[in-house]
Amino acid sequence: MIPSRFLPLLAGSLLAAATTSATLAAPAVTLTELAAPAAKTAAIQRIDPTFWWVGMKNPKLQLLVHGPGIASSTATLRAYEGVTLDGVQKLESPNYLLLNLTISPTARPGKLQLEFKGSKKTTFAYELRQRTTPGDQQKVQGLAQQDFIYFLMPDRFSNGDPKNDYIKDMRAPKVARDSMYARHGGDLKGIENHFDYFKSLGVTALWLTPVVENDMPKASYHGYALTDYYNTDRRYGTLEEYKQFVEKAHQNGLKVVHDVVLNHMGSQNYLFLDQPAKDWFNQWPGFTRSNYNSSALNDPYGSQLDRKLYNKGWFDTTMPDVNQSNPLVATYLIQNFLWWVEYTGLDAYRIDTYPYSDPKFLMQWGQALNEEFPNLFKFGEAWVGSTAQQAFFARNVFQPVDGFKSNLESVFDFQSQNAIHDALRGDQPNLNRVYEALQGDWMYEDATRNVTFLDNHDMSRFYSVIGEDFDKYKLGVTWLLTSRGIPQLYYGTEVLMKNFSNPDGKVREDFPGGFAGDKQNYFTAAGRTGQAGEAFNYLSKLSLYRQAHPVLATGKLMQFIPQDGVYTYFRYNDQGEAVMILLNGNKDEKTVDGARFVERTGGFTGGTEIMTGAALSDLKTFTIPGRTSWVVELKK
């Protein structure tokens, strides 16, 4: 399935030039067209990773050196205790060298002196830092069921630092809030200014769309076409400011989820403009898209062509597809994602378009991260058509298929999200769909790690899908915060932001109050008038209850087959705590036979509905109003 954020791009553009129908049929840009001419003297423009650490479990380090004509130089390492230069490798382009180092456990922090001798000698001081993450409890905390993720697009949330609204040397240097696909000016400081807002919602983790550099000429606000693996986008803040953002979030009891893309980059990335070698990218005789269908990967009757098109076809003309089956590329990518964790102390990775990556690479990537950062949580976007296909990309009970056995802890639960939409979008809600979506949890190693959600930046907003029906909204929010899994809320859902995703910019509007001159300010209680305030209060009350009563987040789940349009389930633990949840999707009230639930209500005499405070004195039979949800804390 194609996320809608790419639909404007799929209409066409090639690199930075305007697209015509002819360019889409043109051959992919080749190495010889892009490589810079060799220079007589080597001038190092950069080395990736930009720095590294002593104390990593894997002692090997691959350095990618870039500079005009650098391949004509001889590279050596001045004596440095505990570090050896194992070899130097040339690539097809004359502008790259690969240096392979071993950093022993005895090595100390400092600066390696790398010497490059050509017609002139160049010396580069490469920094080794002391690793800090393993001993710092405030770093890499991971995610768990008790967390509540708030997902936002930094550019559209809040502008806290007007000084970064104009960056002269970037391809899209200005903000233009009246343009759907331009930058609007939100930044890291704007998010930081509202830490208290998140906490008032009961949020414990922040997921930001990618903050890495996206120096693209159009639609760079979404962040999914990265142009520098080792830098933040300066329109959000500097690299150091992002590190400080993570630290301040941790100090405020908020975790940080870093959004990443493994299988493609932006066409203005220096690695594409000056390709190290043709086989660093998936090349085709003519431009070839992915078929966007993951079924080919594990179809026992599938063709090799379909698999190749899925994994090696390009996501879009402006998003070159990297060749992860090349071990040099795989190492480059793995090191980058280790680098971000160690440098910032981030808590989790959200992986965009996870299934599109090479399956063997995914296993290597996951294993490397698990070895260095066992607490790091990783959850992937696997927007697929069935529970079985979704489970295939998480740790599951299946035997390996073509050698692939996923080591990803979690995936987005698109199946339950589809179910809650289907259940609530018509006049006759069918909550059986929600029940059935969870019935397939046996396929996962642990389905409670899955991330549940109502909507996101690639789909129509939940409130619009359900016809702007506030009662249905409360049913959906109740399900999100009481069912199994780690709930994720898309920014603005708490204040009834609405619209449909065609075009996608309609569901990525600015958060009211985040920008100078906004007529409404939903960050304040006074600004949240009418049902927007009711929605915020309902969601925050339930979320804070969940935070204070772990049984609702981490307790076991038992669900009963819906009857007469009422879906009933329980969260309970071995300590004798239990919460009963009832969702009545009918327009009319329903009388519920409580005798069905005796295996969970036995030993309890009544309960309290936590949203209204109403007492429930009889668990044998009760009547629930139409389009109503009850969250009942059972009492003995």
Side-chain angles (χ1 to χ4, degrees), residues 148-165 174-203 206-209 221-222 235-236 252 254 453-457 459-474 476-477 480-481 488-544:
F148 180 24
I149 304 168
Y150 191 91
F151 168 41
L152 60 88
M153 304 191 79
D155 181 64
R156 304 299 165 93
F157 191 69
S158 178
N159 188 344
D161 184 6
K163 294 192 297 294
N164 60 33
D165 288 354
K174 300 177 182 179
V175 299
R177 289 188 66 198
D178 59 348
S179 173
M180 185 180 294
Y181 296 108
R183 289 272 174 169
H184 289 190
D187 49 36
L188 294 170
K189 182 62 177 173
I191 302 168
E192 183 183 318
N193 288 344
H194 298 293
F195 280 168
D196 286 344
Y197 176 80
F198 303 130
K199 290 189 284 186
S200 72
L201 272 172
V203 166
L206 301 176
W207 161 28
L208 286 58
T209 49
Y221 74 94
H222 60 63
R235 293 164 292 192
Y236 296 148
N252 280 272
L254 296 166
F453 62 105
L454 296 171
D455 51 12
N456 65 25
H457 59 323
M459 59 181 58
S460 297
R461 283 189 174 270
F462 176 65
Y463 194 50
S464 292
V465 169
I466 59 174
E468 299 181 25
D469 185 316
F470 191 58
D471 290 331
K472 290 182 180 179
Y473 170 85
K474 289 190 287 185
V477 166
L480 178 69
L481 290 170
Q488 169 247 298
L489 187 77
Y490 185 40
Y491 80 97
T493 298
E494 74 275 18
V495 291
L496 304 182
M497 286 181 70
K498 58 190 178 183
N499 234 313
F500 294 93
S501 60
N502 188 15
D504 56 14
K506 290 290 188 180
V507 300
R508 303 170 183 184
E509 294 176 332
D510 298 343
F511 190 93
F515 299 81
D518 283 359
K519 295 180 180 180
Q520 290 179 300
N521 184 1
Y522 283 175
F523 287 118
T524 67
R528 293 188 294 268
T529 56
Q531 281 195 333
E534 290 184 55
F536 180 94
N537 293 337
Y538 184 90
L539 189 148
S540 61
K541 183 175 182 178
L542 183 53
S543 173
L544 291 170

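- For the atom pair OG (Ser460) and CD1 (Ile466), the distance works out to 12.5 Å, reported to the nearest 0.5 Å.
- Shown here for Gly505 and Tyr181, the closest heavy-atom pair between the two residues is N-OH, 4.4 Å.
- With a 4.5 Å cut-off on side-chain heavy atoms, Asp455 and Tyr463 do not count as touching.
- Under a cut-off of 6.0 angstrom, the local environment of NZ in Lys498 is sparse, with at most 12 non-hydrogen atoms contributed by other residues, nucleotides or ligands.
- Between the CG atom in Asp155 and the OH atom in Tyr221 there is a gap of 8.5 Å [rounded to 0.5 Å].
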>> Apply side chain to side chain contact (heavy atoms under 4.5 Å, CB included) to residues Leu489 and Val477 and explain how you reach the verdict.
In response: CA-CA 9 Å; Leu489 187 77; Val477 166; 5.8 Å; no

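- Contact annotation: the side chain of Ile149 never approaches that of Val203 to less than 4.5 Å [non-hydrogen atoms, C-beta and beyond].
- When each of Phe453, Tyr491, Trp207 is checked for a side-chain contact (heavy atoms from CB on, under 4.5 Å) with Phe151, only Trp207 meets the rule.
- Rounding to the nearest 0.5 Å places CG of Leu254 at 11.5 Å from CD1 of Ile191.
- No salt bridge links Arg177 with Asp165; every basic N to acidic carboxylate O contact stays at or beyond 4.0 Å.
- Side-chain atoms of Glu534 and Tyr473 include no donor-acceptor pair closer than 3.5 Å.
- Side-chain contact between Leu480 and Leu539 is absent, with no heavy atoms from C-beta onward closer than 4.5 Å.
- We find the CE-CG distance between Met153 and Leu208 to be 10.5 Å, quoted to the nearest 0.5 Å.
- Looking at Tyr522, Tyr538, Tyr150 one by one, the single match for side-chain hydrogen bond (donor to acceptor under 3.5 Å, both in side chains) with Glu494 turns out to be Tyr150.
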> Can you list the steps and then say if Arg508 with Tyr490 is a side chain to side chain contact (heavy atoms under 4.5 Å, CB included)?
Replying inline: CA-CA 10 Å; Arg508 303 170 183 184; Tyr490 185 40; 3.8 Å; yes

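- Across Met497 and Glu509, no two heavy atoms sit closer than the pair CE-O, 3.7 Å.
- In this structure, CG on Asp187 lies 5.5 Å from CG on Asp161, to the nearest 0.5 angstrom.
- Contact between Asn499 and Val507 at its shortest, heavy atoms only, is O-CG1, 3.5 Å.
- When ring centroids are compared, His184 and Phe515 stay outside the 6.0 Å threshold.
- Within the 4.5 Å cutoff, side-chain heavy atoms of Arg156 are placed close to those of Asp510.
- A side-chain donor from one of Tyr236 and Arg183 sits under 3.5 Å from a side-chain acceptor of the other.
- The minimum heavy-atom distance linking Leu544 with Gly202 is given by the pair CD2-CA, 3.7 Å.
- Using a distance-only test at 3.5 Å, with no hydrogens or angles considered, a donor-acceptor pair links the side chain of Ser540 to the main chain of Phe536.
- Rounded to the nearest 0.5 Å, atoms NE2 (His457) and CG (Asp504) are 9.0 Å apart.
- For the residue pair Pro503 and Met180, the shortest heavy atom distance occurs at CG-SD, 3.6 Å.
- A centroid separation of less than 6.0 Å is found between the aromatic rings of Phe157 and Phe198.
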